[in-house]
*Asks:* 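Quick one: structure below, then a few questions.
Given the structure is predicted, the values throughout are model-derived calculations rather than measurements. Below, chain A is the first sequence line, B the second, and so on; all start at residue 1.
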There are 2 protein chains.
Amino acid sequence: MPIDALRRIRRFNRAVTAEVGALDTSFLGRGRPLGAARVLNAIGHGRGEVGSIRDYLGLDSGLLSRLLRGLEEEGLVVTLPHPADARRRVAALTEAGRQEFAAYEALSNDRAAALLARCPKGDELLRAMDLVATALGRERITVEETDPRSEAALHCLTAYYAELGRRLATGFDVSLSRDPEAADMMRPRGAFLVALSDGLPIGCVGLKGKGLEVAEIKRLWVCPSARGLGLARRLMERAEAAARDLGITTLRLDTNSALPEALHLYRRTGWVEIARFNDDPYPDHFFEKRL
Amino acid sequence: MPIDALRRIRRFNRAVTAEVGALDTSFLGRGRPLGAARVLNAIGHGRGEVGSIRDYLGLDSGLLSRLLRGLEEEGLVVTLPHPADARRRVAALTEAGRQEFAAYEALSNDRAAALLARCPKGDELLRAMDLVATALGRERITVEETDPRSEAALHCLTAYYAELGRRLATGFDVSLSRDPEAADMMRPRGAFLVALSDGLPIGCVGLKGKGLEVAEIKRLWVCPSARGLGLARRLMERAEAAARDLGITTLRLDTNSALPEALHLYRRTGWVEIARFNDDPYPDHFFEKRL
DNA sequence: CGGATTTCCTGACTTAAGTCAGAAATATGC
DNA sequence: GCATATTTCTGACTTAAGTCAGGAAATCCG
C-alpha cells in the first residue's frame, strides 16, 4: 500500500467534507433543525412508512416520532395508518409540505449547479464523481426489474446504442437491428433488469422471450464508471434467474467482437459458442447456455 | 444545465456523505466526543496557536477554550503563552497526546486503506478522487516558496521528469539537461514555488538565478488532475513576482513543442520567442519576457 | 379467544454543541 | 502613563440530538 495513496484519499475526504458541510448549512437556512429537514426530505423522496424512514436515517424510534409530531404541527406532514396493517403508519406531505420539500430540492440543485459552474472542466469532473460515487456506493447497487420503456431503462438503452455506435466500425442503427418489442422483455414472456446506484441507472440487461423454452439475452450494458465491479456478471445472473423462473431452459445471445469484455464474460460463465441463428447485420458471435 | 448533471452530483454527495459519516463514527470509538477529537487532531497536524485552531475548525472562542481544558485534564495537551505575545496561547501535545493522535491517524489511514482495498480499480479511483478533490478545494490551493530539495518539491519534480519522459519523442534524462543547482533556485539567487491543495503538492515552478539581472524559469509543472484550473498561470505570476522582488529585470525560458499547452500559455502572457540561448538537447523553443 | 409480538408513541432523561456577556491579562498607540 | 484594543477564559445559558423504559393499539398464531 503506497503511503501516498492514503494521503490522497484523506485529502479527498477533507475536500468533500467541506462541500457536504456547506450543503448542510444551507439546509439550515430554512429555520428548521437538520434532523427535521432530513425527515421531510426522506418523505418527499417517497419514503412514506415510518419504519423505512427510521432505517434510512438511522434514527431512534422515539426521536423520529417526535420529529414527525413537529412536522405535523408545522402543517407539513400528515400521518395515517398503513392500509394493510394499522400498527404501522405512513407519512405523507401536505400541500405546504410539498412546497417546503420543493424549496429544499431547489437549494440542493442550486448548490450542485454552482459547483459545476465554478469548475471549468465540468464534464471530466462529473465523470470522476460518477466513478467515485459508484465505487463508494458499491454495496448499495440494486438490480431491479422494470418496464423496458421506463425512464431508467431508456437512459441505459440510449447510452448503450451510443456506445455501440462508437465502438462498431460500421456504426450502429437501432432500426436495422432486431429491436425487441417491449412486451417481449416483460412478464410473462421476458424481463428487463436495471442496476441502480442511489437511484441512478448504471446498467441493464434484457431477457427477450416468445413464450417458448428458448429465449434471448439482449442489451447487456454497464456504464463506464461502473465497469470492473462485476456488475455485468451480476446482471447476467439475475437475468438467468428470471429465465429459470419463467420456465425457460435455453438462452441464446449474439454479440460483436468489437466488445471483447463481453465475449470474455460469456466464455467464463458457461456460455458456448454456436452457429449464427439470425440475420441481424451487427453480431458476429453467437452463444448458447442451457439452464 | 443538463438536469442529469444535478442528479449525478447529488448521488455523489450521498455516496460521499455515507463514507465521511463512517469515518466520524470510527473516531468516536476512542471514547471522546468528535469536537475534542477534532481539536486534538488539529494540534497534531501542527496547528498550535489557539486562534488558528479556532479559524480552522470554525469554533466559538468559549467552546474551544473548554475543549482545550478538557484535553488538558486528560493529560493530552499543554498550553503555553506565545513567546512573542503573551495574550495568545499555543497548544502542544504531551507524550500521551502524541500517542492518542497517532491512534487517530491510524484509524484514518485504516479507513482509507480499506476503501482502496475493497475497490478493484484502485488506481483509476484515486485519479478520480484527485480530480474531485482539486476541483472542490480550488479556493484552498496555496502557492508556497520552498527548498527545491523538500519532499513536496521532489514529489513534483519526479512527476515532471516522468511526464517529460513520456511526452518527448526522445525520452528524457535529467542528467543530460542542465539541472540547476538547488542553490540557484533559492533566495537570494532564485526561488522555488510549490502549489499545495490541502497539503498535497500539485504543481511547481523554479526561478533559477545567478545573481544577475537575467534569470530563467525552469520546471513548470501542474499535476494532470489539476489542469484547466489556471494554476500554471498562477504559478508563473508568483514566479515573476518573486523575480521582481529579487531585482531581476529579464526572464528567459526554454521549452519543447511536445508541450503545446505551455507554448500557448507563454504566448498569451507576454513572452516573446527568441533565438536559442543554450545548448541543452531537449528544448526547441526559447522565450524571453521583460519585467 | 387470548397470550405473544410488532409498531409506534410518550415521558424522563443525558450528552454534545453552540451562544453570549463579561472578566482578566496583555499589547498598542498617543 | 493611560485609554483602547486584542486574546483567551469562565459562567450561565439554549438548542439539537440521542437514549431508554414502558405503554397503547393492532396483529399473529395456536
Side-chain angles (χ1 to χ4, degrees), chain A residues 17 20-43 47-74 76-92 104, chain B residues 17 20-43 47-74 77-92:
Chain A
T17 304
V20 168
L23 181 60
D24 283 356
T25 315
S26 82
F27 267 36
L28 251 29
R30 300 202 62 76
R32 193 173 291 110
L34 218 48
R38 295 208 304 154
V39 173
L40 184 72
N41 279 291
I43 300 171
R47 229 165 262 273
E49 294 193 30
V50 172
S52 92
I53 301 175
R54 212 165 39 219
D55 290 346
Y56 179 60
L57 298 178
L59 295 176
D60 171 84
S61 152
L63 180 52
L64 176 56
S65 249
R66 246 180 296 275
L67 291 171
L68 281 172
R69 286 308 79 70
L71 292 171
E72 277 186 328
E73 273 166 38
E74 279 194 85
L76 304 175
V77 159
V78 284
T79 63
L80 298 165
H82 190 287
D85 178 350
R87 287 170 305 184
R88 293 188 276 165
R89 313 214 82 202
V90 182
Y104 280 111
Chain B
T17 305
V20 168
L23 180 59
D24 283 356
T25 315
S26 81
F27 268 36
L28 251 27
R30 300 202 62 76
R32 193 172 291 109
L34 217 49
R38 295 209 302 156
V39 173
L40 184 71
N41 280 290
I43 299 171
R47 227 165 260 274
E49 295 193 31
V50 172
S52 93
I53 301 175
R54 211 165 38 219
D55 290 347
Y56 178 61
L57 298 178
L59 294 176
D60 171 84
S61 153
L63 180 52
L64 176 56
S65 246
R66 245 180 297 275
L67 291 172
L68 281 172
R69 286 307 81 67
L71 291 171
E72 277 186 328
E73 273 167 38
E74 280 193 85
V77 158
V78 285
T79 63
L80 299 165
H82 190 287
D85 178 351
R87 288 171 305 183
R88 292 188 276 165
R89 312 214 83 203
V90 182

*Asks:* Between A:R69 and C:dT10, is there a contact of a side-chain N or O with OP1 or OP2 at under 4.0 Å?
*Replies:* yes
*Asks:* From CG of A:L59 over to C1' of D:dA17, roughly how many Å is that when rounded to an integer?
*Replies:* 9 Å
*Asks:* Can you tell if the side chain of A:R30 reaches within under 4.5 Å of the side chain of A:L40, non-hydrogen atoms only?
*Replies:* no
*Asks:* Measure from the side-chain heavy atoms of B:R87 and tell me the nearest of C:dC9, C:dA25, D:dA25.
*Replies:* C:dA25
*Asks:* Of the listed nucleotides (D:dC9, C:dT19, D:dT19), which one gets closest to any side-chain atom of B:D60?
*Replies:* C:dT19
*Asks:* Would you mind telling me which of D:dA26, D:dC9, D:dA17 lies closest to the side-chain atoms of A:P33?
*Replies:* D:dA17
*Asks:* Rounded off to whole Å, could you give me the CG-to-C1' distance for the B:L67 and D:dT10 pair?
*Replies:* 14 Å
*Asks:* Considering all heavy atoms of both residues, which atom of A:S61 and which atom of A:R54 are nearest to each other, and what is their separation?
*Replies:* CA-CD, 3.5 Å
*Asks:* Please determine, for the side chain of A:R88, which listed nucleotide (D:dC9, C:dC9, C:dT7) has the closest atom?
*Replies:* C:dT7
*Asks:* Are any of B:R89's side-chain N or O atoms less than 4.0 Å away from OP1 or OP2 of D:dT7?
*Replies:* no
*Asks:* Among C:dA16, C:dC9, D:dC9, which nucleotide has an atom closest to any side-chain atom of B:V50?
*Replies:* D:dC9
*Asks:* Rounded to whole Å, how long is the line connecting atom CD of B:E49 with atom C1' of D:dT6?
*Replies:* 14 Å
*Asks:* Quick one: the side chain of A:R66 and the base of C:dG11, do they pair up donor-acceptor inside 3.5 Å?
*Replies:* yes
*Asks:* Would you kindly give the CG-to-P distance between A:L64 and C:dT7, to the nearest whole Å?
*Replies:* 14 Å
*Asks:* Please report the distance, rounded to the nearest Å, between CG in B:L63 and P in D:dG11.
*Replies:* 15 Å
*Asks:* When you measure from the side chain of A:D85, which nucleotide among C:dA17, D:dC9, D:dT27 comes out closest?
*Replies:* D:dT27
*Asks:* State, to 0.1 Å, how close B:L57 and B:A42 come at their nearest heavy-atom pair, and which atoms those are.
*Replies:* CD1-CB, 4.3 Å
*Asks:* Any idea which heavy atoms bring A:L71 and A:V39 closest together, and the distance?
*Replies:* CD1-CG1, 3.7 Å
